[in-house]
Protein chains: 2
Amino acid sequence: MPRSPTDDRLKRVLALVREKGGRVTTTRRAIVAALLEAPDHHVTAQTLAERVQRAHPDIHASTVYRTLDTLTELGVVEHTHLGHGATVYHLTDQRHQHLVCERCGAVIEVPLTVFEPLVQTLRDGYDFEVRPEHVALAGHCASCRAAVSG
Amino acid sequence: MPRSPTDDRLKRVLALVREKGGRVTTTRRAIVAALLEAPDHHVTAQTLAERVQRAHPDIHASTVYRTLDTLTELGVVEHTHLGHGATVYHLTDQRHQHLVCERCGAVIEVPLTVFEPLVQTLRDGYDFEVRPEHVALAGHCASCRAAVSG
DNA sequence: ATAATTGCAAAGTCTTTGCAGTTTG
DNA sequence: CAAACTGCAAAGACTTTGCAATTAT
């Protein structure tokens, strides 16, 4: 059975964990695998816990929370605030910008390059180094725009 | 005793509440007044409750949460997600953009005009009508930039 | 060996809800 | 007076923590 691209990525991520001084455990393997398989590249801690528990019912939610923290410190994982409270996690190499529709909740992914001009403006004008991906921008998606304006 | 500008604004806001079909009560008067007095134009629901309770110990926190919801529906109040979970409320006419330093927590206010080009780009390129003020952007402020980069 | 990691149970924080009594318009 | 509003107590959702046992290096 040939190694799938996902297998490769899993190995690469786990190698990075070890390289940064973290330990690779069955639990972490499962958590990272679940992150890789997340449909939209991101999940809440809670959802991640549920998914991991399908295959490993003995992995406790608190472990998932702690693991996400640790992986964040190791630089392997990052999170984004989607607003209205939800925090979603994703692997660092899957970084991208999110737009969330305030009306229907749709999440749209946008390449970070779109934000370059803004990054420059804030850097030059306010001495602020913005990291736009850390937060999803809110607004109205195409269909809700139409619905709202009539 | 002359009427202070704050008194005037309080009246104006309360008039708006009534105009939109809401009722004006002692409780609401206190809550709106506390919003007007918020140092940085914004507060969390919790902090607001604490401040209101200094003068009116009998006003329950749940009422503050409910009132903020109602005032939001009436269009008098809006909220912004500061990231890491904090939601801050402010009067609609005090709308502005927030930048939050991920390192020291400083909150910087920026005029919304700075975001116009981005708004256009997302409108044209993604058919997305972004409302940047709804969410604070994260990054590093001037001093922390310096500290981080060495 | 030994320092990191984990399960479990318990506590914490912030927010929401149901209800019965009050108050506003 | 009817509808809106409020206090209170209880429940809820999500996350964090202390500890003893387990496991990777």
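A, B, ... follow the sequence lines: proteins, then strands. Residue 1 opens every chain.
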Donor-acceptor contacts, no H, no angles, side chain residues 120-128 of chain A, under 3.5 Å, sequence neighbours left out:
from: T121(A); atom 1: OG1; to: P117(A); atom 2: O; distance (Å): 2.9
from: R123(A); atom 1: NE; to: E129(A); atom 2: OE1; distance (Å): 2.8
from: R123(A); atom 1: NH2; to: E129(A); atom 2: OE2; distance (Å): 2.8
from: D127(A); atom 1: OD1; to: R145(B); atom 2: NH1; distance (Å): 3.1

Send over the distance from H81(B) NE2 to dT15(C) C1', rounded to a whole Å.
14 Å
Run the salt bridge (Lys or Arg N to Asp or Glu O under 4.0 Å) test against E133(B) and tell me which residues pass, sequence neighbours left out.
R95(B), R131(B)
Distance in angstrom units between L68(B) CG and dT16(C) C1', rounded:
13 Å
Nucleotide dT6(C), atom C1' - distance to OH of Y65(A) in whole Å:
16 Å
What does the inter-axis angle of the helix from dA1(C)-dT25(D) to dG25(C)-dC1(D) come out as, five pairs per end, nearest 10 degrees?
40°
Strictly below 4.0 Å, heavy-atom distances to any atom of DNA chain D: list the hits from residues 41-60 of chain A, or just say none.
Q46(A)
Q97(A) side chain to E109(A) backbone, donor-acceptor under 3.5 Å
no
For H60(B), the ring-ring contact (aromatic ring centres under 6.0 Å, His included) test, sequence neighbours excluded, returns none
Counting only heavy atoms and a strict 4.0 angstrom limit, can you tell me which residues of residues 69-79 of chain B come near DNA chain D?
none
Protein proximity profile, nucleotides 20-25 of chain C - base contact B, sugar-phosphate-only contact S, no contact -, cut-off 4.0 Å on heavy atoms:
----BS
H84(A) NE2 to dC14(C) C1', in whole Å, measures 16 Å
side-chain hydrogen bond (donor to acceptor under 3.5 Å, both in side chains) pairs touching residues 26-48 of chain A, sequence neighbours excluded, are H42(A)-H98(A), T44(A)-T47(A)
Using whole Å, report how far OH of Y89(B) lies from C1' of dC14(C).
11 Å
Could you pull out every donor-acceptor pair under 3.5 Å between side chains of residues 83-93 of chain B and any protein atom, sequence neighbours left out?
from: T87(B); atom 1: OG1; to: H81(B); atom 2: ND1; distance (Å): 3.4
from: H90(B); atom 1: NE2; to: T80(B); atom 2: OG1; distance (Å): 3.3
from: T92(B); atom 1: OG1; to: G75(B); atom 2: O; distance (Å): 2.8
from: T92(B); atom 1: OG1; to: V76(B); atom 2: O; distance (Å): 2.9
from: T92(B); atom 1: OG1; to: V77(B); atom 2: N; distance (Å): 3.3
from: D93(B); atom 1: OD1; to: R9(B); atom 2: NH2; distance (Å): 3.1
from: D93(B); atom 1: OD2; to: R9(B); atom 2: NH2; distance (Å): 2.9

Output yes when at least one side-chain N/O atom of S62(B) is less than 4.0 Å from OP1 or OP2 of dT17(C), else no.
no
Please name all residues satisfying side-chain contact (heavy atoms from CB on, under 4.5 Å) with S143(A), sequence neighbours left out, ordered by chain then number.
C141(A)
Donor-acceptor under 3.5 Å (T63(B) side chain, I59(B) main chain):
no
Identify every side-chain donor-acceptor pair in residues 16-24 of chain B under 3.5 Å, counting partners at least two apart or on other chains, and give the distances.
none

Between atom CZ in R28(B) and atom P in dA4(D), what is the gap in whole Å?
11 Å
Per the ring pair (Phe, Tyr, Trp, His ring centres under 6.0 Å) rule, what does the pair list look like for residues 5-29 of chain A, sequence neighbours excluded?
none
